[in-house]
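For the single chain, residues carry numbers from 1 onward in sequence order. Keep in mind that this is a model prediction, so the values were computed, not measured.
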Amino acid sequence: MPGAIEPSTVMLMRRYSLFGLVSGLALLCLILSFASHPAWLFVFCVLFPLVLVGVFDVMQPHHSLLRNYPVIGSVRWIFEALRPYLRQYIVEDDLEGHPYNRNVRSLVYARAKGEEDRQPFGTELDTQAPQYEWMTHSLAPTPVAKTPFRVQVGGKDCTKPYAAATLNISAMSFGSLGHNAIEALNLGAKRGGFYHDTGEGGLSPYHRIHGGDIVWELGSGYFGCRNRDGSFSPERFAEKAADPQVKMVEIKLSQGAKPGHGGVLPAAKVTPEIAEIRGIPLGEDCISPSRHPAFSTPAQMMEFVAQLRELSGGKPVGIKLCVGHPSETFAIVKAMLKTGIAPDFVVVDGSEGGTGAAPQELADHMGMPLREGLILMRNALVGTGMREHVRLAAAGKVTSGFGMAANMAVGADWCNAARAFMFSLGCVMSMRCHTGQCPTGITTNDPHLQRGLVVEEKAQRVASFQHHTVEALADLIAAAGLNHPSELLPHHIWHRVTPVQVQPLDRLYPFLSTGVLNEAPEDTPYAAEWRAADSDSFAPRATVGPRRAA
């Protein structure tokens, strides 16, 4: 129809209407400032930057949304950038946030600061909702323990056993965390009498400067004890493991947040300091293989455990893993039986565990959650009679005394936490861990950002959080009528399945009796996986279930 405006023209007018309106108002204000009152010049100064933003949006070639919708598109980008903060501080309620809600974070902050951590008026949790859990109490409670619980770690071949606390700092490497954060964690561990896991990044000077107990974690890159080609160096390991501050050694097989995934630290990020600590060449990519070069079978892994124990002078040596194929877990315990060698401890890392950065698919869908993984490892050890020789630890979203008690009821001797201790350092969950721009100076090596983290102040908060959390565990143990966390059993924790159905954990999950896998594996739910497990191969030796035809 003659004179009609084409739809494309209408759309163009709509797209540029805000940009045109702002530009027109800016020009009008500039004219009025000369013609009437200079106050209009102030309004022009406010609007003119928006005009510049609009011009930039139209001219830039990278973002089509900004080219098509100048100014208003930039407003959208601003809100997108602020979305995590708007959700965390304005929109979400106390029980909504992920991976940690505000109630959990507030509890850690209060205990770290030594502030009031009791709550008035009753629980805010919906006790009728599925997944709600509680701990059974006794009508004859015991006195609350006055001294912190300890767990003796070290099997028959260990000559330097270690008395571990029930809550310790889980693996976080120097590099992933800045040196001020590492120092504060280790000083806090020193003051609180618990251990600090180095992470696979190596044993740095910042781990040792304050003298806190250390668990040295060896990943597949063998950082700090490797040869030029990346293979394990017994001589370098023995030299560093002799340090009296190193109490135990942990072989990392996999990490909960990204199991089965290696890593690369690009050459540009390999500073002279990191190169020296890790024992890697400066100017080259730092490779963490997805599997260990020192062994390729479960039996060989047990031999490696024995080698590290000897090289360290008899200190406890353990393994850390996120549980994957059940047959591989059974292959590990079969290797213990075959070789007569057992690790002194096993740390089970749940798939809900944290990381500085991981592919989303691995973080969301790879690996077994902590409870299921912990129960499977417990059953493997108990079912073969090895549980009495091997201590068991749990890592994955541990923040409270009840979380510790629930893990201990299904098999754990102690718990490790990483992100909870980051909260005690002042982490605000800004989700910037992988960018190097952590606003609290924890997960960054930027000296200007690290300046905000005062070691002495934060170390006290680390120790305080651990102390009050272990005290809360002691309260629960006493209320249950027990004397030590080792007395906790699955029936002490009840789980709401539906609004009208509740069960103790020993009815929800299978818990094997001692030696049953050796004597009658067919009587267990794991018969097929047990048959498939091979101490001489991580791969199953038989099909464990239906497979798609080739």
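Listed by first then second residue, pairs satisfying side-chain hydrogen bond (donor to acceptor under 3.5 Å, both in side chains) with a partner in residues 139-155 number zero, not counting sequence neighbours. Within the structure, salt bridge (Lys or Arg N to Asp or Glu O under 4.0 Å) pairs that include any residue of residues 180-192 comprise R191-E456 (at least two apart or interchain). Within the structure, the salt bridge (Lys or Arg N to Asp or Glu O under 4.0 Å) test picks out the following pairs touching residues 394-413 (sequence neighbours left out): R387-D413, R391-D413.
Side-chain N/O atoms of E115 and Y109 include no donor and acceptor closer than 3.5 Å. Defined by atom type and a distance below 3.5 Å, a donor-acceptor pair is missing between the side-chain atoms of Y509 and Q503. Judged purely by distance below 3.5 Å, without hydrogens or angles, the side chains of H210 and N186 never pair a donor atom with an acceptor atom. Counting only N and O atoms by type, the side chains of D213 and Y162 include a donor and acceptor under 3.5 Å apart. A donor-acceptor contact under 3.5 angstrom links the side chains of H207 and S204, judged on distance only. Under the 3.5 Å distance criterion, with hydrogens and angles disregarded, no donor-acceptor pair is assigned to the side chains of S327 and H325. Using modelled atom types, one finds a donor on one side chain and an acceptor on the other under 3.5 Å when comparing E133 with H495.
Taking each heavy atom of L425 and A181 in turn, the nearest pair found is CD1-CB, 4.1 Å. Closest heavy-atom contact between F511 and I375: CZ-CD1, 3.8 Å. Pairing each heavy atom of L167 with each of V398, the nearest pair is CD1-CG1, 4.2 Å. The two residues N407 and L374 come nearest to each other via the heavy atoms O-CD2, 3.4 Å. Nearest heavy atoms, K458 versus G426: NZ-CA, 4.3 Å. Residue C427 comes nearest to T440 through the heavy atom pair CA-OG1, 4.0 Å, listed as atom of the first residue, atom of the second, then distance.
Residues P205 and I277 have side chains in contact (heavy-atom distance under 4.5 Å, counting atoms from C-beta outward). For the pair I442 and L177, the minimum side-chain heavy-atom distance is below 4.5 Å. No side-chain heavy atom of V317 sits under 4.5 Å from any side-chain heavy atom of C158. Within the 4.5 Å cutoff, no side-chain heavy atoms of D197 are placed close to those of S170. At a threshold of 4.5 Å between non-hydrogen side-chain atoms, the residues T166 and M408 count as touching. At a threshold of 4.5 Å between non-hydrogen side-chain atoms, the residues V347 and L392 do not count as touching. At least one side-chain heavy atom of M301 sits under 4.5 Å from a side-chain heavy atom of I332. The shortest side-chain heavy-atom distance between P148 and F194 does not fall under the 4.5 Å cut-off.
A ring-centre distance under 6.0 Å is found for Y100 and F423. Aromatic rings from H292 and Y222 are positioned such that their centres are separated by under 6.0 Å. Aromatic pair F174/H179: ring centres not closer than 6.0 Å.
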Exercise. Could you check T198 against I214 for side chain to side chain contact (heavy atoms under 4.5 Å, CB included), going step by step and ending with a plain yes or no?
Key: CA-CA 7 Å; T198 65; I214 284 174; 3.5 Å; yes
Exercise. Verify side chain to side chain contact (heavy atoms under 4.5 Å, CB included) between L253 and K320, making sure each step is shown before the conclusion.
Key: CA-CA 6 Å; L253 303 179; K320 167 189 166 182; over 6 Å; no
Practice problem: Check the pair C415 / M404 against side chain to side chain contact (heavy atoms under 4.5 Å, CB included), numbers first and verdict last. | Solution: CA-CA 6 Å; C415 296; M404 294 176 65; 4.1 Å; yes
Quiz item: Yes or no on side chain to side chain contact (heavy atoms under 4.5 Å, CB included) for Y195 and M248, after CA distance, side-chain angles and deciding distance?
Solution: CA-CA 9 Å; Y195 77 65; M248 301 197 294; 3.9 Å; yes
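Separation of atoms NE2 (H467) and CD (Q460) is listed at 10.0 Å; rounding is to 0.5 Å. Residue R278 holds its CZ atom at 11.5 Å from CD of E273, rounded to the nearest 0.5 Å. Atom CZ of R378 sits about 14.0 Å away from atom CZ of R371, to the nearest 0.5 Å. Taken to the nearest 0.5 Å, the CZ atom of R451 stands 10.0 Å off from the NE2 atom of H448. Rounded to the nearest 0.5 Å, atoms CG (L449) and OG1 (T444) are 5.0 Å apart. A distance of 9.5 Å separates CD1 in I169 from CG in N416, rounded to the nearest 0.5 Å.
Relative ring orientation between Y132 and W134 is described as parallel, the plane-to-plane angle staying below 30° on a 0-90° scale split at 30° and 60°.
No donor-acceptor pair closer than 3.5 Å links the side chain of S220 to the backbone N or O of S290. Side-chain atoms of D349 do not come within 3.5 Å of backbone N or O of Q255 as any donor-acceptor pair. Here the side chain of N180 pairs a donor or acceptor atom with the backbone of Q450 at under 3.5 angstrom. Side-chain atoms of T469 do not come within 3.5 Å of backbone N or O of Q466 as any donor-acceptor pair. Although no hydrogens or angles enter the test, the distance criterion places a donor-acceptor pair under 3.5 Å between the side chain of D344 and the main chain of G155. Between the side chain of R461 and the backbone N or O of R111, no donor-acceptor pair lies under 3.5 Å. Listed for the S424 side chain is a donor-acceptor partner under 3.5 Å among the backbone atoms of F421. Under the 3.5 Å distance criterion, the side-chain polar atoms of K315 are matched with a main-chain donor or acceptor of A241. Checking side-chain atoms of E217 against main-chain N and O of E200 turns up a donor-acceptor pair under 3.5 Å. Checked by atom type and distance alone, the side chain of S173 never pairs as donor or acceptor with a backbone atom of G175 at under 3.5 Å.
Atom NE2 of H137 has 12 or fewer neighbouring heavy atoms from other residues, nucleotides or ligands inside a 6.0 Å radius.
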